[in-house]
Amino acid sequence: MCSSDLIFDNGETVTLRQIRPEGASSVTVANAVAGVVNRARLAAAGIEIVGDEKSFSLNATQCGTAGVQVDDIIIDSAEVRWRVIQTSQATLDTRWTDVCRRQV
């Protein structure tokens with residue numbers, strides 16, 4: 001089984017809307033894992049906490065070469081839109097870990 005075939009408990013399929021200067025595109029990411037954010041880490045990074053934040057872990061290979069950037073949008077399986085406010089690669093660059101804020 002390769003890393004892109006891994007299945008995570010509570011994984012969901014999300015849409016990643018990649019917003020770039022040359023235009024926007026969407027990719028589907030399976031087995032995205034949502035969780036709570038580390039509020040102390042956000043505060044230390046100078047990110048204002050408003051209470052509607054959530055973390056997502058996305059399979060990097062499914063995000064393509066454009067990856068994930070701040071201001072991209074993740075649309076979860078309940079059709080809730082989340083704006084990426086912080087992102088980094090983790091787990092030997094196989095996952096994007098993203099802190100997002102709910103959009104109204």
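In this text, all values refer to a predicted model and were calculated from it rather than measured experimentally.
Between E53 and I85, the closest side-chain pair of non-hydrogen atoms falls below 4.5 Å. The side-chain heavy atoms of T61 and T94, taken from C-beta on, include no pair separated by under 4.5 Å. T87 places none of its side-chain heavy atoms less than 4.5 Å from the side chain of T97. In this structure the side chain of V33 reaches within 4.5 angstrom of the side chain of R95, judged on heavy atoms.
For R20, the side-chain hydrogen bond (donor to acceptor under 3.5 Å, both in side chains) partners at least two apart in sequence or on another chain are D72. Legend: residues meeting salt bridge (charged side-chain N to carboxylate O under 4.0 Å, His left out) with R17, ordered by chain and number and at least two apart, are absent. Taking the side-chain contact (heavy atoms from CB on, under 4.5 Å) definition, one finds that A30 meets it with T13, Q62, sequence neighbours left out.
Checked by atom type and distance alone, the side chain of Q18 never pairs as donor or acceptor with a backbone atom of A66 at under 3.5 Å. Using modelled atom types, no side-chain atom of Q103 and backbone atom of I73 make a donor-acceptor pair closer than 3.5 Å.
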Review point. How far apart are the C-alpha atoms of V27 and T15, what are their side-chain angles, what is the distance that settles it, and do they pass the side-chain contact (heavy atoms from CB on, under 4.5 Å) test?
Key: CA-CA 6 Å; V27 294; T15 300; over 6 Å; no
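Rounded to the nearest 0.5 Å, atoms CH2 (W96) and OG (S88) are 8.0 Å apart. Note that CG of L16 is 8.0 Å distant from OG of S25, once rounded to the nearest 0.5 Å.
Within 6.0 Å of atom CZ in R83, more than 12 heavy atoms from other residues, nucleotides or ligands are found, so the atom counts as buried in its surroundings.
Looking at every heavy atom in both residues, V29 comes nearest to C63 through CG2-SG, 4.2 Å. Contact detail for A32 and L58: the closest heavy-atom pair is CB-CD2, 3.4 Å. Pairing each heavy atom of V37 with each of K54, the nearest pair is CG1-C, 3.5 Å. Scanning all heavy atoms of the two residues, the minimum distance from V14 to D76 falls at CG1-CA, 3.8 Å. V68 approaches D98 most closely through the heavy-atom pair CG1-OD1, 3.3 Å. Of all heavy-atom pairs between A34 and F56, the closest is CB-CE2, 3.8 Å.
Linking ILVMFWY side-chain heavy atoms closer than 4.5 Å, directly or via other members, places I75 and V80 in two distinct hydrophobic clusters.
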